[in-house]
Amino acid sequence: MYNMDQYDGENDYMQQEDDWDRDLLLDPAWEKQQRKTFTAWCNSHLRKAGTQIENIEEDFRDGLKLMLLLEVISGERLAKPERGKMRVHKISNVNKALDFIASKGVKLVSIGAEEIVDGNAKMTLGMIWTIILRFAIQDISVEETSAKEGLLLWCQRKTAPYKNVNIQNFHISWKDGLGFCALIHRHRPELIDYGKLRKDDPMTNLNTAFDVAEKYLDIPKMLDAEDIVGTARPDEKAIMTYVSSFYHAFSGAQKAETAANRICKVLAVNQENEQLMEDYEKLASDLLEWIRRTIPWLENRLPENTMQAMQQKLEDFRDYRRLHKPPKVQEKCQLEINFNTLQTKLRLSNRPAFMPSEGKMVSDINNAWGSLEGAEKGYEEWLLNEIRRLERLDHLAEKFRQKAAIHEAWTEGKEEMLQKRDYETASLSDIKALLKKHEAFESDLAAHQDRVEQIAAIAQELNELDYYDSPSVNARCQRICDQWDALGALTQKRSEALQRTEKLLETIDQLYLEFAKRAAPFNNWMEGAMEDLQDTFIVHTIEEIQGLSTAHEQFKATLPEADKERLAILGIHNEIAKIVQTYHVNMAGTNPYTTINPQEINTKWDKVRQLVPQRDQALIEEHARQQNNERLRRQFANQANVIGPWIQNKMEEIGRISIEMHGTLEDQLTHLRQYEKSIVNYKPKIDQLEGDHQLIQEALIFDNKHTNYTMEHIRVGWEQLLTTIARTINEIENQILTRDAKGISQEQLNEFRASFNHFDRDHSGTLGAEEFKACLISLGFDIANDAQKRTGIMDAEDFKTCLISVGYNLGENEFSRIMSIVDPNRMGIVTFQAFIDFMSRETADTDTADQVMASFKVLAGDKNYILADELRRELPPDQADYCIARMAPYCGPDAVPGALDYMSFSTALYGESDL
């Protein structure tokens with residue numbers, strides 16, 4: 001007996017419990033599918049040997065066709081079979097087949113030769129399945145997975161682009177037939193019109209796939225569409241056997257395609273290399289032919305008779321360098337690149353190196369190119385020498401014309417300039433400028449002496465060389481020399497006239513300078529005085545206006561001395577006028593040192609005299625205004641200095657009232673409301689102060705030394721006072737509401753207030769965390785062991801110290817939980833109202849989310865959800881509508897249409913989740 005199971009631990013696709021049930025009979029439907037599939041699979045191999053089987057359990061009983069099947073699928077020869085008809089011969093043949101299977105690493109379990117010989121259908125099908133696994137499925141490998149998993153992964157990869165195909169197993173995933181059609185269409189799309197297939201027509205899909213596979217892919221029809229559709233779960237082994245045939249059929253096609261691709265790639269490389277060789281040969285031939293035609297043209301040295309003809313030769317050469325040669329340089333470079341690229345490709349593809357035709361090697365082309373450049377260099381040198389030779393005479397003539405033209409352009413207008421009498425109406429500064437300008441002209445004239453001599457020398461050389469246009473050159477040279485002599489005489493005459501005029505104007509210039517030196521500061525003083533007298537002033541106190549009045553009186557005392565300086569300056573101007581009249585000097589302009597004139601001085605002096613009394617009147621009016629402002633300051637300060645302290649005292653009194661506990665909460669509330677009324681009755685005084693403040697603003701008064709209070713301070717203090725009394729009243733009202741709602745007695749509230757005030761050492765109305773902890777312990781809370789919730793207003797460290805001092809052990813975690821309740825914003829303090837709210841919750845019986853949830857469960861009839869009709873039946877209409885509008889739909893496994901989630905609604909009511 002042989003053991004049929006997986007080969008070893010890593011081939012789990014052949015595990016006994018997964019692949020074959022040895023203890024139970026086959027399902028009749030599965031047995032039918034396996035019998036048909038396994039028979040078709042065996043025949044697909046046996047027909048290669050010219051035989052087949054009809055009945056799988058009968059035809060393998062003698063072992064002969066079983067051995068033949070193993071030889072066909074393995075490609076190996078088995079031991080010689082026994083040809084006898086006796087049972088012992090048949091058992092021997094079957095054992096040889098089973099020995100061969102075992103030699104391939106298959107451990108056979110519960111399969112013996114006697115059972116096969118006896119025609120046991122269950123054991124025969126099990127043996128054939130073992131052979132299929134070993135020889136058709138085991139060697140399948142896809143992405144590091146093998147056998148069954150590899151085959152499944154291959155199917156998933158191939159059918160992934162098809163949205164209506166989802167291969168997850170080898171049974172129900174194939175029932176609609178689209179999986180088989182997708183495999184065929186993926187590899188041979190011309191065989192199936194996949195777009196016309198429908199998922200709801202499995203019979204058509206399956207028959208289409210089976211018929212196409214048998215007709216075009218040589219895959220026998222191993223399954224019946226009726227059996228697959230009519231079975232709830234098709235046989236996995238039959239499906240795997242049939243699908244493996246597709247894998248082997250398409251993997252063979254892929255190998256053929258890979259081989260064809262390899263051949264095409266090799267041929268493409270060869271064709272590309274041959275094209276590169278042809279391109280090289282053609283490019284090399286064209287380049288060598290161009291070099292052959294160009295060298296004779298560059299070696300031609302026949303000179304031309306004219307400069308124009310030689311310049312045309314030079315232009316032709318430049319065209320050659322610019323237009324004709326650069327493309328050939330590129331061709332030569334490309335030729336070398338193509339040659340190197342071709343040799344590299346041949347070497348990389350294991351081909352022999354390329355050998356160009358004779359005379360077309362890269363070295364041959366480089367040698368021809370060197371000869372071209374040698375001829376080119378000699379040709380260019382010859383052209384330049386010929387042009388220089390023809391250029392010499394033209395250059396001398398052109399040089400004469402240029403120098404003559406420059407000299408004539410320079411002398412143009414010079415005679416008219418030297419004959420001007422502009423110095424007669426010029427000022428002293430103009431005369432000095434004219435003298436400097438004339439000196440510069442004399443220097444320029446001397447410098448041009450060399451140019452005149454060069455012009456004469458060039459004319460002489462052209463005469464000696466028999467220049468064809470010598471007469472016109474000589475005539476032009478003579479005109480230049482005659483004009484040069486005339487310019488020298490006019491220059492000397494103008495120099496003498498300028499020097500005489502300069503001495504006459506220097507005397508007048510001294511007087512102009514003295515006038516300017518004294519008139520400028522006096523003019524600045526008058527302009528400053530006018531600016532000061534007209535300047536607007538802004539003062540805020542009587543002291544400031546008195547200072548301005550004193551400065552103004554000091555200014556008026558300087559006016560007599562200023563008038564004396566004015567008369568002296570006018571005297572200098574009168575002296576200048578006298579000299580001009582005496583010596584008949586033609587004064588062409590005004591004083592060059594200043595723009596100030598006597599008329600302007602007198603006009604400004606009169607303006608100053610007019611502004612003085614106007615300034616006097618303005619100072620008097622401002623003094624009266626400042627006196628009125630001082631009265632307004634004192635009036636506001638007298639009231640503000642009373643109202644400010646009053647507000648501060650009332651704030652302190654309210655603080656004491658909120659801490660002290662006299663009488664019941666109702667008594668405290670009555671007292672506070674009476675106190676609020678007395679504060680409100682003080683409002684007219686605030687309004688009166690607002691009126692005084694408005695007068696101060698209208699008078700543009702910005703400071704008040706008589707008080708430290710501003711209207712803004714008073715307003716803020718008044719608003720804080722009203723807010724504080726209102727907040728204190730509201731706090732008492734909230735305490736009453738808390739007491740009545742939670743059933744807390746007056747004595748308990750007094751006890752809470754007393755404890756809070758005791759630990760509120762700074763009377764701030766708040767407790768730090770440690771103060772709050774001490775307060776809780778003083779009220780009987782053991783925070784280390786009790787999960788009670790207490791909240792007040794204390795500093796954390798002070799409160800903790802207090803608790804420890806009275807012998808309590810406070811756990812940090814529990815105290816942190818309580819602080820998160822009373823101080824949700826993590827400010828580090830606890831207000832009295834938060835403290836009272838916490839103590840009220842701790843001492844009173846309150847509803848919880850669990851209690852509300854349990855109540856809803858009663859209304860829902862113990863269900864996990866509730867319906868709208870049930871809410872409307874049990875609750876008032878408005879409350880029922882409130883719940884229906886806010887309850888989320890229930891999504892549990894037992895949900896029904898219209899089910900509502902009362903659990904999340906209950907937790908949201910108490911802030912444990914979002915409503």
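The chain is numbered in sequence order, starting from 1.
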Trainee: Using the side chain to side chain contact (heavy atoms under 4.5 Å, CB included) criterion, which residues pair with M86? Sequence neighbours excluded.
Mentor: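 Scan of M86 (side chain to side chain contact (heavy atoms under 4.5 Å, CB included), adjacent residues dropped) gives V88, H89.
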
Trainee: Please report the shortest heavy-atom distance between A49 and V72, naming the atom on each side.
Mentor: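 Residues A49 and V72, closest heavy atoms: CB-CG2, 4.0 Å.
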
Trainee: Judged by atom type as modelled, is there a donor-acceptor pair below 3.5 Å linking the side chain of K175 to the main-chain atoms of T231?
Mentor: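 Yes, the answer is positive, given that a donor and an acceptor are paired below the 3.5 Å cut-off.
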
Trainee: Which atom pair, heavy atoms only, marks the closest approach of L217 to L191?
Mentor: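 Looking at all heavy atoms of both residues, the closest pair is CD2-CD1, 4.2 Å.
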
Trainee: For L46 and K65, which heavy atoms make the closest approach, and how far apart are they?
Mentor: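 Heavy atoms only, the tightest pair is CD2-O, 3.9 Å.
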
Trainee: Atom CE in M127, atom CD1 in I132: separation rounded to 0.5 Å?
Mentor: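 Answer for the CE-CD1 pair, M127 versus I132, is 10.5 Å.
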
Trainee: Backbone N or O of M123 within a donor-acceptor pair of the N120 side chain at under 3.5 Å?
Mentor: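 Yes.
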
Trainee: Given side chains that start at C-beta, do those of L342 and N273 come closer than 4.5 Å, heavy atoms only?
Mentor: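 L342 reaches N273 side chain to side chain.
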
Trainee: Short question: side chain of E214, backbone of D211 - any donor-acceptor pair under 3.5 Å?
Mentor: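 Side chain of E214 to backbone of D211: no pair is present.
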
Trainee: If you measure from CD1 on I128 to NZ on K237, what distance do you get to the nearest 0.5 Å?
Mentor: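 NZ of K237 is found 14.0 Å from CD1 of I128.
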
Trainee: Are the side chain of T341 and the backbone N or O of N338 linked by a donor-acceptor pair below 3.5 Å?
Mentor: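 No, the answer is negative, given that no donor and acceptor are paired below the 3.5 Å cut-off.
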
Trainee: For F60, give me all partners under ring-ring contact (aromatic ring centres under 6.0 Å, His included), at least two apart in sequence or on another chain.
Mentor: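 ring-ring contact (aromatic ring centres under 6.0 Å, His included) check on F60 returns nothing, list empty.
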
Trainee: Does the side chain of N864 come within less than 4.5 Å of Y890's, by heavy atoms?
Mentor: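 In contact.
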
Trainee: Kindly determine whether D218 and R47 satisfy salt bridge (Lys or Arg N to Asp or Glu O under 4.0 Å), including the steps that lead there.
Mentor: CA-CA 12 Å; D218 198 24; R47 69 168 173 256; 3.5 Å; yes

Trainee: Does anything in residues 190-238 form a ring pair (Phe, Tyr, Trp, His ring centres under 6.0 Å)? List the pairs, not counting sequence neighbours.
Mentor: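 Pairs touching residues 190-238 that pass the test: Y162-Y194, F180-F210, H185-Y194, F210-Y242.
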
Trainee: Give me the atom names and distance for the closest heavy-atom approach of P234 to H171.
Mentor: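 Scanning both residues completely, I find the closest heavy atoms to be O-CB, 3.2 Å.
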
Trainee: Would N205 and T208 count as having a side-chain donor-acceptor pair, cut-off 3.5 Å?
Mentor: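 T208 and N205 do not have a side-chain donor-acceptor pair below 3.5 Å.
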
Trainee: Might you work through the salt bridge (Lys or Arg N to Asp or Glu O under 4.0 Å) test for R87 and D118, ending with a clear yes or no?
Mentor: CA-CA 9 Å; R87 177 179 176 81; D118 293 339; 2.6 Å; yes

Trainee: Run the numbers on K360 and L283 for side chain to side chain contact (heavy atoms under 4.5 Å, CB included), then give the verdict.
Mentor: CA-CA 10 Å; K360 296 181 182 178; L283 192 58; over 6 Å; no

Trainee: Would you kindly say whether D235 and Q34 are connected by a side-chain donor-acceptor distance under 3.5 Å?
Mentor: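 Yes.
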
Trainee: Using atom types as modelled, flag every donor-acceptor pair under 3.5 Å from a side chain in residues 74-81 to any protein atom, sequence neighbours excluded.
Mentor:
unit_1 : atom_1 : unit_2 : atom_2 : d
S74    : OG     : L70    : O      : 2.6
S74    : OG     : E76    : N      : 3.2
E76    : OE1    : K104   : NZ     : 3.1
E76    : OE2    : K104   : NZ     : 2.5

Trainee: Would you say the side chain of V243 lies within less than 4.5 Å of the side chain of L152, judging by non-hydrogen atoms?
Mentor: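 They are not in contact (no side-chain heavy atoms under 4.5 Å apart), so the answer is no.
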
Trainee: Say whether, by atom type as modelled, one donor and one acceptor occur between the side chain of W154 and the main chain of S244 under 3.5 angstrom.
Mentor: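 Not at all, since once roles are kept as given, no pair shorter than 3.5 Å links the two residues.
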
Trainee: Under a 3.5 Å threshold, yes or no: a donor from one side chain and an acceptor from the other, between Q33 and E31?
Mentor: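 The criterion, which ignores hydrogens and geometry beyond distance, is not satisfied for E31 and Q33.
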
Trainee: Between E114 (side chain) and I91 (backbone), is there a donor-acceptor pair under 3.5 Å?
Mentor: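 No: the side chain of E114 does not pair with the backbone of I91.
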
Trainee: Taking K148 first and then E236, would you say they form a salt bridge - that is, a charged N and a carboxylate O separated by under 4.0 Å?
Mentor: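 The answer is yes: the pair qualifies as a salt bridge.
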
Trainee: Taking it one step at a time, do F856 and V852 satisfy side chain to side chain contact (heavy atoms under 4.5 Å, CB included)?
Mentor: CA-CA 6 Å; F856 272 118; V852 175; 3.6 Å; yes

Trainee: Calculate, to the nearest 0.5 Å, the distance between atoms CD1 and CG belonging to I116 and N95 respectively.
Mentor: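 If we round to the nearest 0.5 Å, I116:CD1 and N95:CG are 10.5 Å apart.
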
Trainee: Is there side-chain contact between I192 and L197, with heavy atoms separated by less than 4.5 Å?
Mentor: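 A side-chain contact exists here, since the closest heavy-atom pair is under 4.5 Å.
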
Trainee: Residues two or more places apart in sequence or in another chain: which of them pass salt bridge (charged side-chain N to carboxylate O under 4.0 Å, His left out) with K199?
Mentor: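 Listed in chain order: D176.
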
Trainee: Can you sort out the partners of Q343 under side-chain hydrogen bond (donor to acceptor under 3.5 Å, both in side chains), two or more places apart, ordered by chain and number?
Mentor: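 Partners of Q343 by the side-chain hydrogen bond (donor to acceptor under 3.5 Å, both in side chains) criterion come out as none, since no residue qualifies.
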
Trainee: Does D227 reach the side chain of K32, with side-chain heavy atoms less than 4.5 Å apart?
Mentor: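 Result yes, sub-4.5 Å side-chain heavy-atom pair found.
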
Trainee: Hey, what do you get for OH (Y882) to CG (L875), rounding to the nearest 0.5 Å?
Mentor: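 Y882 OH to L875 CG: 12.5 Å, rounded to 0.5 Å.
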
Trainee: Where do N43 and F38 land on the side chain to side chain contact (heavy atoms under 4.5 Å, CB included) test, with the steps shown first?
Mentor: CA-CA 9 Å; N43 285 334; F38 292 177; over 6 Å; no

Trainee: I need the minimum non-hydrogen distance between L206 and A225, along with the two atoms involved.
Mentor: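 The pair with the smallest heavy-atom distance is CB-CB, 3.7 Å.
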
Trainee: Within the structure provided, determine whether W41 and I131 are in side-chain contact (heavy-atom separation under 4.5 Å).
Mentor: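 In contact.
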
Trainee: Keeping the roles fixed (side chain from E82, backbone from N93), state whether a donor-acceptor pair exists under 3.5 Å.
Mentor: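 Between the backbone of N93 and the side chain of E82 there is no qualifying donor-acceptor contact (under 3.5 Å).
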
Trainee: Distance only, no hydrogens: is a donor on one side chain within 3.5 Å (strictly under) of an acceptor on the other, for Q275 and D279?
Mentor: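 Q275 vs D279: donor-acceptor pair found between side chains.
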
Trainee: Under 3.5 Å, is there a donor-acceptor pair between the side chain of T907 and the main chain of S904?
Mentor: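 Side chain of T907 to backbone of S904, a donor-acceptor pair under 3.5 Å: yes, one is there.
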
Trainee: Under the criterion side chain to side chain contact (heavy atoms under 4.5 Å, CB included), I'd like the reasoning laid out for F170 against L151: C-alpha separation, chi angles, the key distance, then a yes or no.
Mentor: CA-CA 10 Å; F170 285 109; L151 182 60; 3.7 Å; yes

Trainee: Roughly how far, to the nearest 0.5 Å, is CE of M887 from CG of L871?
Mentor: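 With rounding to 0.5 Å, CG (L871) is 5.0 Å from CE (M887).
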
Trainee: So, do L69 and H45 sit near enough that their side-chain heavy atoms are less than 4.5 Å apart?
Mentor: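 Yes, close enough: below the 4.5 Å cut-off.
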
Trainee: Tell me the closest heavy-atom pair linking M222 and T37, and the distance in Å.
Mentor: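 Taking M222 first and T37 second, the nearest heavy atoms are O-OG1, 2.8 Å.
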
Trainee: Just checking, is any N or O donor in the side chain of N166 or Q168 under 3.5 Å from an acceptor N or O on the other one?
Mentor: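 Yes, a side-chain donor-acceptor pair sits under 3.5 Å.
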
Trainee: Salt bridge between R35 and D59, side-chain N to carboxylate O under 4.0 Å?
Mentor: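 No salt bridge links R35 with D59.
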
Trainee: Please confirm whether the backbone N or O of L346 pairs with a side-chain atom of R351, one donor and one acceptor, at under 3.5 Å?
Mentor: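 Flag not set: sc R351 to bb L346 has no pair under 3.5 Å.
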
Trainee: Is any side-chain heavy atom of V858 closer than 4.5 Å to one of E874?
Mentor: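 A side-chain contact is absent here, since even the closest heavy-atom pair is not under 4.5 Å.
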
Trainee: Taking E870 first and then R872, would you say they form a salt bridge - that is, a charged N and a carboxylate O separated by under 4.0 Å?
Mentor: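 Between R872 and E870 there is no salt bridge, as every charged N stays at least 4.0 Å from the carboxylate O atoms.
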
Trainee: Is a side-chain N or O of D62 found less than 3.5 angstrom from the main chain of L64, in a donor-acceptor match?
Mentor: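 Such a contact is found between D62 side chain and L64 backbone.
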
Trainee: Measure the spacing between CD of Q879 and CG of D881 and express it to the nearest 0.5 Å.
Mentor: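 So the gap between those two atoms works out to 10.5 Å.
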
